[in-house]
Amino acid sequence: RDCTLKILRTQLRSLYTYSGLVMNSSDNDAALAPGFNFSIHKTVLRQDMESLWPKLEAETSAGLFALQLTQLFTKFQDGHARLEFNPLARTFAVPPVNVRVRFDAVSREMKFVIDSQRRWVETSLAGRTLSTVNGKPALTYYLDVAKRKATDHSPGAQLNRFLAKPYLFLGVPPPEAGKFHAVF
């Protein structure tokens, strides 16, 4: 863990130094040749890294350490940066159930219905409607899940992408350390 974090700190510092040089070199009054117009997007992850770093330094579970690193790498793949690297691409946690959403015309609310479940879930849950997960309304819970590995800025787009292909979210730590207490 300590060796991995030392390497990451060095590499991230290099990335920020490089992006800072590019940002500063483009902030001048020189004109670019035709066809070389470009814009620079700031890679702003300092707050995320500063909040995650103490957790990484204290983590004793290799699996959770890998998942937290994966979540950090995912932040570099937003719609602006598109920095493609993730050495932990095969690390994943799967949810116990897959859901589909239907609109209830009577209550005028989205309903999260269990579509399928993992083989290790003992009770048959298919077709049941989730009311809450871990004490949160199902919509709130799934918005949080979708946000964890999203490249979209809109919460609605994040949720739609998650619901269309929930397997895209492999490699992201689940909310509340993986607890999934559902109420129907």
Side-chain angles (χ1 to χ4, degrees), residues 39-52 55-56 59 61 63-184:
S39 60
I40 305 243
H41 298 282
K42 292 183 181 180
T43 306
V44 183
L45 296 173
R46 183 179 189 135
Q47 292 174 342
D48 293 330
M49 288 190 299
E50 285 180 352
S51 66
L52 180 61
K55 295 176 192 173
L56 290 171
E59 186 57 65
S61 163
L64 289 176
F65 179 78
L67 287 172
Q68 289 172 342
L69 281 178
T70 300
Q71 187 175 19
L72 175 65
F73 291 132
T74 300
K75 301 265 186 186
F76 286 107
Q77 298 177 20
D78 74 355
H80 295 119
R82 294 303 297 167
L83 297 174
E84 298 284 344
F85 65 96
N86 187 349
L88 305 168
R90 294 185 208 168
T91 306
F92 62 92
V94 293
V97 297
N98 288 328
V99 296
R100 62 183 159 76
V101 178
R102 67 174 179 78
F103 180 72
D104 187 327
V106 176
S107 67
R108 307 207 39 83
E109 294 178 345
M110 294 170 59
K111 300 289 184 179
F112 288 79
V113 180
I114 296 178
D115 194 37
S116 62
Q117 64 192 50
R118 304 287 175 246
R119 282 181 269 161
W120 44 265
V121 176
E122 296 174 10
T123 308
S124 176
L125 301 173
R128 296 187 72 182
T129 302
L130 288 171
S131 173
T132 64
V133 179
N134 298 342
K136 298 177 183 177
L139 175 60
T140 303
Y141 175 81
Y142 280 103
L143 283 170
D144 183 30
V145 170
K147 182 180 180 180
R148 290 172 175 268
K149 191 170 184 181
T151 56
D152 305 289
H153 291 284
S154 159
Q158 293 169 358
L159 182 61
N160 286 338
R161 187 178 303 274
F162 170 75
L163 293 171
K165 295 182 180 179
Y167 60 86
L168 290 175
F169 292 80
L170 303 177
V172 177
E176 288 105 36
K179 294 176 188 162
F180 191 86
H181 178 68
V183 174
F184 303 95

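None of the values given here were measured: they were computed from a predicted structure. The chain is numbered in sequence order, starting from 1.
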Among Val145, Asp144, Leu143, which residue meets the side chain to side chain contact (heavy atoms under 4.5 Å, CB included) test with Tyr141? Val145
Tell me, with the steps shown, if Leu130 and Tyr142 meet side-chain contact (heavy atoms from CB on, under 4.5 Å). CA-CA 11 Å; Leu130 288 171; Tyr142 280 103; 3.8 Å; yes
Show which side-chain atoms of residues 106-116 pair as donor or acceptor with protein atoms under 3.5 Å away, not counting sequence neighbours.
unit_1	atom_1	unit_2	atom_2	d
Asp115	OD1	Arg100	NE	3.4
Ser116	OG	Asn98	ND2	3.3

To the nearest 0.5 Å, how far apart are CG in Asn160 and OG in Ser154? 8.0 Å
Can you name the nearest heavy-atom pair linking Pro96 to Val121, along with the distance? O-CG2, 3.5 Å
Sorted by chain and residue number, the side chain to side chain contact (heavy atoms under 4.5 Å, CB included) partners of Thr140 (sequence neighbours excluded) come out as Lys136, Pro137
Under 3.5 Å: donor-acceptor pair, side chain of Gln117, backbone of Leu125: yes
Given side chains that start at C-beta, do those of Leu139 and Leu159 come closer than 4.5 Å, heavy atoms only? yes
Nearest-0.5 Å distance, OG1 of residue Thr129 to CZ of residue Phe184: 9.0 Å
